[in-house]
Amino acid sequence: MPELPEVETIRCDLAPELTGRRIVAVRVHKPDIVLSPTSAQRLTRALAGERIVEVSRRAKNLLFRLDSGRLLLTQVRMTGRFVLGPPLPARSELKHVAAEFDLDDGRTLYYDDVRRLGGFTLLSEGEWSVWEARLGPEPLEEDFTARLLADRLSRSRAPIKSFLLDQRRIAGIGNIYASEALHRARVDPRRTAGSLKPLEVTRLHRAIRAVLRDALAGSGTTLRDYRAVNGRSGRFQNSLRAYGREGEPCRRCRSRVRRIVQAGRSTFYCSGCQS
DNA sequence: CTTGTACCCTGACCGC
DNA sequence: TGCGGTCAGGGTACAA
C-alpha cells in the first residue's frame with residue numbers, strides 16, 4: 001500500500017469530512033475485500049446507523065472509530081483509494097468500486113481497488129489491541145528513539161532492507177521509503193541489521209524520520225496507482241534519490257544507482273556512497 | 001524463534 | 001494486433 005506518508009495523507013483528507021458523520025447505508029460490490037472473520041453481509045448490517053467519531057491511523061492501517069466503540073479497519077495496500085462524492089467522481093477514479101458508504105449528509109464515500117488486495121474488517125476494542133500488539137513503533141512518534149532502533153537492530157540478522165519492511169519491528173515503512181532511508185543514511189541495503197555501527201544507526205534513525213516527514217509534507221509519492229482522496233497525486237516522487245532510478249547517476253556521488261532483489265522485492269541503492 | 005518464498009489480484013508495459 | 005512474460009507502493013500463511 002501506500003506507506004505511512006500516503007496513508008496519513010488519506011487520513012488527513014478524510015478526517016474533517018467524516019468525523020461526526022453517520023453511515024446510512026453500505027453496499028459491498030466485491031465481497032472479497034471484506035476480510036474474515038467479518039463478511040460482506042455482516043459489515044453491511046453492522047455499519048448501518050453507526051456514527052464515525054474519529055479517523056485515525058496506525059502504521060499503514062486506517063481506522064474509523066465508531067460510536068459503538070468498534071473500529072472499522074482499512075488497509076488500502078497497493079491500489080485501494082477513497083473518493084468522496086458528490087459531485088459524482090470522474091469515471092477514471094471509479095473503475096473498480098468495491099464498496100460504497102452512504103453518509104447522513106447526502107454524500108457517498110467510495111472505495112475503489114483494482115487489484116482488491118486491500119480491504120476492511122470490523123474489530124472490537126479488544127480485537128484491535130491484539131492486532132496492534134503485533135506492530136512495531138511509529139517512526140514519527142517521539143518514543144521512536146535511536147536507542148530503541150539500535151536495540152531492535154541488534155536482535156536481527158536479517159538484511160537491513162528486509163528489517164525495515166518488517167512491520168513488527170518498525171511500523172509504516174514500505175518498499176519505497178526503505179530504499180530512500182538507506183540511501184540518505186548511506187547504508188548498504190545488503191548489510192545485516194545487527195551489523196550496523198552506532199554512527200550508522202544514528203544516521204539511519206535520522207534518515208527514516210526525515211524521509212517520512214518530507215514525504216508527508218509532499219502528500220506522499222505517486223508512481224502509478226496511489227492517489228489521495230478525490231484523485232489528488234502526491235509530489236514526493238520528484239524527490240526520490242534511489243527508488244526507481246536504476247542506471248541513473250546518484251545525486252550525491254554520481255555513481256550508478258543499482259537495482260537488486262531482496263526477499264522478492266526491488267531494492268535501489270547507490271553502489272558508490274552506500275557501503 | 002527467525003528468515004525467505006509463494007500467493008492473493010489486475011493492469012501496464014516490453015519484446016517478439 | 002496479439003501473446004507471453006515481468007513487474008507493481010502489501011501482508012499473510014507456510015516452509016525451511
Report, one pair per line, the protein and nucleotides 1-3 of chain B atoms (nitrogen or oxygen only) whose separation is under 3.5 Å.
from, atom 1, to, atom 2, distance (Å)
dT3(B), OP1, Ser156(A), OG, 3.3
dT3(B), OP1, Arg157(A), N, 2.6
dT3(B), OP1, Ala158(A), N, 2.8
dT3(B), OP2, Arg169(A), NH1, 3.1
dT3(B), OP2, Arg169(A), NH2, 2.7

OP1, OP2 of dA12(B) versus side-chain N and O of Arg224(A): anything below 4.0 Å? no
Are any of the side-chain heavy atoms of Arg232(A) and Arg227(A) separated by less than 4.5 Å? no
Between dG4(B) atom P and Phe163(A) atom CZ, what is the distance in whole Å? 13 Å
Under a 4.5 Å side-chain heavy-atom rule over Ile, Leu, Val, Met, Phe, Trp and Tyr, are Val201(A) and Leu140(A) clustered together? yes
Round to a whole Å and report the spacing from CZ of Arg116(A) to C1' of dA8(C). 16 Å
So that I can tick it off, tell me whether Arg256(A) and Glu246(A) are bridged by a salt bridge, with the cut-off set at under 4.0 angstrom between side-chain N and carboxylate O. no
How far apart are the C-alpha atoms of Phe120(A) and Val28(A), what are their side-chain angles, what is the distance that settles it, and do they pass the side chain to side chain contact (heavy atoms under 4.5 Å, CB included) test? CA-CA 11 Å; Phe120(A) 296 81; Val28(A) 177; over 6 Å; no
Which of dG11(C), dG11(B), dC7(C) is nearest the side chain of Lys60(A)? It is dG11(C)
For Leu223(A), answer base if it contacts any base atom (sugar-phosphate contacts may also be present), sugar-phosphate if it contacts only those atoms, and nothing otherwise; contact means non-hydrogen atoms under 4.0 Å. base
Just to confirm, is there a sub-4.0 Å distance from OP1 or OP2 of dG11(C) to any side-chain nitrogen or oxygen of Arg134(A)? no
Produce the list of close N/O pairs, under 3.5 Å, pairing protein atoms with atoms of nucleotides 14-16 of chain C; give distances to one decimal.
none

Would you kindly give the CG-to-P distance between Asp112(A) and dC9(B), to the nearest whole Å? 18 Å
Centroid-centroid under 6.0 Å between Tyr111(A) and Phe82(A) rings: yes
Where is the tightest heavy-atom contact between Asp188(A) and Ile160(A), given as atom of each residue plus distance? O-CG2, 3.5 Å
Using atom P of each nucleotide, how far apart are dC9(B) and dA13(C) to the nearest Å? 16 Å
d(CE, Met78(A); P, dT12(C)) in whole Å: 14 Å
Just how far, in rounded Å, is P of dG11(B) from CZ of Arg81(A)? 13 Å
What are the two closest heavy atoms between Glu125(A) and Gly69(A), and how far apart are they? OE1-O, 3.5 Å
Interatomic distance, Trp131(A) CH2 vs dT12(C) C1' [rounded to whole Å]: 10 Å
Any donor-acceptor pair under 3.5 Å between the side chain of Arg115(A) and the base of dA8(C)? yes
Quick one: CZ on Arg203(A) to CZ on Arg206(A), what's the gap to the nearest 0.5 Å? 10.0 Å
Rounded to the Å, how far apart are Leu35(A) CG and dT12(C) P? 9 Å
So what stems show up for DNA chain C if we need 3 or more Watson-Crick or G-U pairs in a row, all under 3.5 Å? B:2-8 with C:10-16, B:10-16 with C:2-8
According to a hydrophobic-cluster definition based on side-chain heavy atoms being under 4.5 Å apart (Ile, Leu, Val, Met, Phe, Trp, Tyr only), do Leu72(A) and Trp128(A) belong together? no
Could you check, using the six-membered ring where one of them is a Trp, whether Phe268(A) and His183(A) have ring centers closer than 6.0 angstrom? no
Rounded to the nearest angstrom, tell me the gap between atom CZ in Arg265(A) and atom P in dC7(B). 17 Å
Looking at dG11(B), I'd like to know if its phosphate oxygens (OP1 or OP2) sit under 4.0 Å from a side-chain N or O belonging to Thr79(A). no
CG/Leu84(A) to CG/Leu109(A) distance, rounded to the nearest 0.5 angstrom? 5.5 Å
Would the distance check show the side chain of Glu138(A) and the main-chain N or O of Ala59(A) forming a donor-acceptor pair, the cut-off being under 3.5 Å? yes
